[in-house]
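When reading the values below, keep in mind they use all heavy atoms of this one structure, side chains included, and skip hydrogens, waters and symmetry mates.
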Amino acid sequence: MPQIFQRGANKLPALSLVGLLFGAVFVIGAVWYYFSPEFYEVGYMPDQPVPYSHRLHAGEFGMDCTYCHNHVMASEHSNVPATQTCMNCHTLIKAQSLELLPVRESWATGEPVEWVRVHHLADYAHFSHAVHTNVGVGCETCHGRIEQMEVVYQAEPLSMGWWLECHRAPEEYLRPVEEVTTMGYSEMVRADEDTYQAYIAANLARIEAEGIKPPQNCSACHY
């Protein structure tokens, strides 16, 4: 009786197994990358109801972050500035600008401007701005170089692994509290090796003296 399958068909089980293994590795790799915050959250830049330019206000004008976000040193949550804050300047500056029409309407009606949130944390994760800013974690550490952004976007993944990197080596991220809102501070201390090593040494001494121990246990952020 003639053979139905050629002799080369004996290789099919082995080839199928190899293909299955490579396929599984590819799927795992694709999920690991494309389902990670580094891929689908970093760069998120929603349209806002008012074209507010951080590059202009925080960059060219040098406005301090806490002028608008004035609760970051005292509250768990960073506040979006009230319309009153905007109108402190814009009753006189560009008072008739069409781009600022939603702000003027908010001022007239008392209804808040519907700003679109940029940075999202899962409901099961807890984060306190005050805890971090009062120990010397700079705004740019989490939010990037805001003063260079025409439109604000998410610069960091804000993932659990990303947070743990900071909590495991706080000496690489702390700064004097008075420098919390200083943009470019991180680049300055890393400008040369001697400056960087002095920065690390000062932070290690401060961590020891002040007993700064960022928690790494689950209940620190999930409770």
Side-chain angles (χ1 to χ4, degrees), residues 29-48 52-59 63-73 75-81 115-191 196 199-200 203 207 212-223:
V31 170
W32 175 81
Y33 180 74
Y34 290 106
F35 283 55
S36 68
E38 287 88 345
F39 179 79
Y40 68 83
E41 289 188 359
V42 171
Y44 174 60
M45 186 173 61
D47 292 329
Q48 299 290 352
Y52 181 87
S53 168
H54 277 76
R55 183 191 58 76
L56 177 65
H57 291 78
M63 291 175 60
D64 191 273
C65 303
T66 56
Y67 179 78
C68 296
H69 306 285
N70 56 313
H71 293 174
V72 294
M73 304 299 291
S75 173
E76 291 191 349
H77 304 287
S78 175
N79 61 300
V80 174
W115 299 101
V116 181
R117 189 181 185 126
V118 178
H119 300 85
H120 295 266
L121 287 182
D123 292 339
Y124 53 77
H126 172 78
F127 174 83
S128 169
H129 274 81
V131 167
H132 291 79
T133 54
N134 282 284
V135 80
V137 178
C139 301
E140 66 178 341
T141 300
C142 300
H143 297 292
R145 296 296 299 272
I146 289 289
E147 92 287 6
Q148 298 176 356
M149 298 180 188
E150 184 67 29
V151 180
V152 170
Y153 59 87
Q154 183 167 328
E156 300 291 347
L158 308 184
S159 61
M160 185 172 69
W162 183 81
W163 292 116
L164 284 172
E165 287 180 6
C166 182
H167 280 217
R168 287 168 179 162
E171 67 276 7
E172 296 183 13
Y173 302 96
L174 297 181
R175 61 178 70 183
V177 175
E178 60 270 21
E179 301 286 359
V180 161
T181 61
T182 301
M183 294 291 159
Y185 184 87
S186 297
E187 293 181 9
M188 180 185 70
V189 299
R190 289 171 170 80
Y196 181 65
Y199 161 79
I200 294 294
N203 276 343
I207 288 168
I212 299 173
K213 297 179 180 178
Q216 299 180 35
N217 55 299
C218 301
S219 61
C221 301
H222 306 290
Y223 60 85

Side chain [X], main chain [Y], donor-acceptor under 3.5 Å:
X	Y	answer
Asn203	Pro170	no
Ser53	Leu56	yes
His129	Ser75	no
Tyr223	Cys218	no
Asn134	Val177	no
Glu140	Tyr185	yes
Glu172	Cys166	no

Item to check | Heavy-atom check, side chain of Tyr52 versus side chain of Pro81, under 4.5 Å | outcome: no
Item to check | 4.5 Å side-chain heavy-atom contact, His143 and Met149 | outcome: no
Between atom [atom1] of [X] and atom [atom2] of [Y], what is the distance when rounded to the nearest 0.5 Å?
X	Y	atom1	atom2	answer
Ser186	Glu179	OG	CD	11.0 Å
Met183	Gln148	CE	CD	9.5 Å
Asp64	His57	CG	NE2	14.0 Å
Met45	Glu150	CE	CD	10.0 Å
His69	Ile146	NE2	CD1	7.5 Å
Gln216	Cys221	CD	SG	10.5 Å

Provide the closest heavy-atom pair for [X] versus [Y] in the form atom of the first, atom of the second, distance.
X	Y	value
Val180	Gly136	CG2-CA, 3.9 Å
Asn70	Asn79	OD1-ND2, 2.9 Å
Asp47	Val116	O-CG2, 3.4 Å
His167	Pro215	ND1-O, 2.6 Å
Thr141	Glu156	O-CG, 3.8 Å
Val118	Tyr44	O-CD2, 3.3 Å

Checklist entry - Excluding sequence neighbours, so at least two apart, what forms side-chain hydrogen bond (donor to acceptor under 3.5 Å, both in side chains) with Asp123? => result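 side-chain hydrogen bond (donor to acceptor under 3.5 Å, both in side chains) list for Asp123, sorted by chain: empty.
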Checklist entry - For Leu174 and Val137, what are the C-alpha separation, side-chain angles and deciding distance, and is it a side-chain contact (heavy atoms from CB on, under 4.5 Å)? => result CA-CA 5 Å; Leu174 297 181; Val137 178; 4.0 Å; yes
Next on the checklist: Can you tell me how the ring of His132 sits relative to the ring of Trp163, calling it parallel under 30°, perpendicular over 60° and tilted otherwise?
Outcome noted: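 Tilted, since the angle between the ring planes falls between 30° and 60°.
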Next on the checklist: side-chain contact (heavy atoms from CB on, under 4.5 Å) for Val189 and Arg175? Distances and angles first, verdict last.
Outcome noted: CA-CA 10 Å; Val189 299; Arg175 61 178 70 183; over 6 Å; no
Item to check | Residue among Gln48, Arg55, His119 satisfying side chain to side chain contact (heavy atoms under 4.5 Å, CB included) with Val152 | outcome: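 Option passing the side chain to side chain contact (heavy atoms under 4.5 Å, CB included) with Val152: His119.
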